[in-house]
Amino acid sequence: MKINRLIFLLSALGILLSSCQKYVDIKKSGAQSFIESANDCQLLMDNYELFNTGYPIDGEVSADDYYMNDARFGSDQISIEDRTIYTWQSGAIRTAAQQWVDIYNKVYHANLVLEAVQELNGKEQPAVLNNLKGSALFLRAYAFWNLAQLYAKTYDAATAQSDPGIPIDLNSDINEVPGRGTVQETYNRIVQDLNEAAGLMNPVSSVASRPNKAAAQAMLARVYLSMRDYPNALSSANAALALRNTLINFNTLDKGSFAPFRRFNEEVIFHTTLDAKNGSLEPGYGYEDLALINPELVSSYAADDLRKTILLKENTDVPVPAGTYRFTGNYEGAVASAKLFNGLAVDELYLIRAECYARAGNTGLAMGDLNTLLRSRWLEGSFTALEATNPDNALSIILAERRKELLMRGQRWTDLRRLNKEPRFAKTLSRTVQGITHTLPANDLRYTLLIPQEVVMKSKIQQNQR
């Protein structure tokens, strides 16, 4: 791993020197960092471009909520690598390591802060240092989990002890060489970091780009859900909702706007984005940049469901075919942003808790949470509470609403991976491109992406199976 660690270290230093040079001094050995105060730690973690953007996009590229028409697929805006990932080719692989590097860049800086906080112990207020330590632990865990959704197998308690995980870097020493470890070790570290963070951080933050206790509990709920550990996901969702539970009334939004949400809106607990620039997902404003929403998904929204007009807009002009839809529900806020929101928000928590209630056999509480969410999304005065005959029926309804609510939010790929473990929800994906149909069966090895070629070549890290 030494050479690969140097790859992301050099990238890290580039960001650092451009924005926080006076706060951190890296020794030539790269083994130790010096930060002079708690304020310096906070300034480092407030580097928005470093910690809040650049999360990997390839899970969303691979998921089934959108499609490209043949003209878009064949355009020079779509790289060969994007095409192979979009069609789930067995040999689909990124040559460059940018998505991998971006994550370890975040991990490296989080580790710098953790080491600095230890050195500052006794020199600053304990409450301040606790919040800083918790924030750094959260950011490290958040980065690890996002990478694991692409390059480690889906968590399965039966095989997690032997399935390869991702490298877990716990300090800033570039000479230390962590192996891949196992999926179990990967998730153990993520959960441990988040639990410790939740006990250290302030309940809420002054701005949604900073983590807090609510974010740690919300992320634990997301992580446990991805592990299919529904009792713990329920407990964490409860803890998060006790701190943050405000929902946006969609009746107050501009239904005609292509950017109806402002960045850091009242539902956002922690704001991060996927970088869709130059990729097949870039929503864009120009038609040449459109990812078209799956027609099956579009038709699933009810007539009085405002999400159909808030999250989606019909394409009415050429050259995009009439009757197709684009995504306009980005919590990032900008009309033509190349970044897609994948952060933590209150609506996701209601969906997690509803699913966990259903899986625990509590139909009433499950549908109560779902209806609380949907009432805020429906045309005022038109909503009739949804009903379920039993927990299994409730679960099916909740999962369908989850897909509609979290459209293009970076969660669909993880949902496909975990739900494929249940035969009743397993799904074979299919795309027809230029007359050729491509499929991805449930639990296929291709649900774990190949590690970028640059990483494998320079670090000799174990590649995923095909």
Side-chain angles (χ1 to χ4, degrees), residues 35 37-55 106-107 109-114 116-117 120 124-146 189-225 232-248 261-273 331-333 341-353 409-411:
I35 302 177
S37 69
N39 187 53
D40 295 345
C41 292
Q42 187 63 67
L43 285 169
L44 181 55
M45 288 191 291
D46 282 345
N47 186 333
Y48 183 85
E49 290 301 314
L50 172 60
F51 281 115
N52 299 92
T53 70
Y55 287 89
K106 302 175 198 304
V107 171
H109 284 83
N111 285 334
L112 284 181
V113 172
L114 290 170
V117 167
L120 291 169
E124 302 270 4
Q125 291 293 322
V128 172
L129 292 180
N130 282 343
N131 188 64
L132 291 172
K133 180 179 180 181
S135 297
L137 287 168
F138 172 89
L139 292 169
R140 185 171 73 181
Y142 193 83
F144 282 147
W145 184 85
N146 274 275
R189 172 52 58 181
I190 292 168
V191 169
Q192 180 180 327
D193 279 0
L194 289 173
N195 273 313
E196 188 174 357
L200 293 170
M201 283 191 290
N202 299 330
V204 294
S205 303
S206 58
V207 63
S209 57
R210 286 184 178 178
N212 50 55
K213 186 187 297 288
Q217 292 292 356
M219 189 59 190
L220 276 167
R222 181 185 283 184
V223 172
Y224 282 130
L225 193 77
N232 275 319
L234 174 60
S235 177
S236 297
N238 273 325
L241 283 167
L243 295 168
R244 289 287 304 275
N245 55 31
T246 301
L247 290 168
I248 298 171
F261 299 102
R262 61 178 177 82
R263 182 190 281 180
F264 304 162
N265 68 63
E266 54 266 45
E267 283 190 7
V268 175
I269 300 171
F270 181 65
H271 192 99
T272 60
T273 62
Y331 276 21
E332 172 66 1
F341 175 82
N342 73 319
L344 300 162
V346 172
D347 58 342
E348 181 184 352
L349 289 174
Y350 276 104
L351 289 163
I352 291 174
R353 193 167 71 173
R409 292 259 287 266
Q411 303 311 304

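Keep in mind that what you see is a predicted model, and the values were worked out from it rather than measured.
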Less than 4.5 Å apart, any side-chain heavy atom of [X] and any of [Y]?
X      : Y      : result
Asn47  : His109 : no
Pro126 : Leu129 : no
Tyr55  : Tyr142 : yes
Cys41  : Leu120 : yes
Met45  : Leu132 : yes
Leu194 : Trp145 : no

>> Taking the ring of Phe138 and the ring of Phe270, is the distance between their centroids below 6.0 Å?
In response: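 Yes: the rings meet the under 6.0 Å criterion.
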
>> Could you check whether Ser236 and Tyr224, counting side-chain N and O atoms only, form a donor-acceptor pair closer than 3.5 Å?
In response: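 The criterion, which ignores hydrogens and geometry beyond distance, is not satisfied for Ser236 and Tyr224.
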
Please check if the side chain of [X] supplies one atom and the backbone of [Y] the other of a donor-acceptor pair under 3.5 Å.
X      : Y      : answer
Asn131 : Val128 : no
Ser209 : Tyr48  : no
Asn52  : His271 : yes
Gln217 : Ala239 : no
Ser205 : Ala208 : no
Lys106 : Thr53  : yes
Glu267 : Ile248 : yes
Lys213 : Ala198 : yes

Locate the shortest heavy-atom distance separating [X] from [Y]; write the atom from each residue and the value.
X      : Y      : value
Leu220 : Asn195 : CD1-OD1, 3.4 Å
Arg244 : Leu349 : O-CD1, 4.5 Å
Ala143 : Val107 : CB-CG2, 3.9 Å
Glu348 : Gly343 : OE1-O, 4.0 Å
Arg409 : Ala345 : NH2-CB, 3.7 Å
Asn342 : Asn146 : ND2-OD1, 3.4 Å

Which distance, rounded to the nearest 0.5 Å, do you find between the [atom1] of [X] and the [atom2] of [Y]?
X      : Y      : atom1 : atom2 : value
Leu44  : Leu50  : CG    : CG    : 7.0 Å
Leu200 : Lys133 : CG    : NZ    : 6.0 Å
Asp347 : Ile352 : CG    : CD1   : 9.5 Å
Thr246 : Asn265 : OG1   : CG    : 10.5 Å
Gln192 : Ile190 : CD    : CD1   : 11.5 Å
Leu137 : Met201 : CG    : CE    : 8.5 Å

> Passes side chain to side chain contact (heavy atoms under 4.5 Å, CB included), Arg140 versus Leu114? Steps please.
Replying inline: CA-CA 10 Å; Arg140 185 171 73 181; Leu114 290 170; 3.5 Å; yes

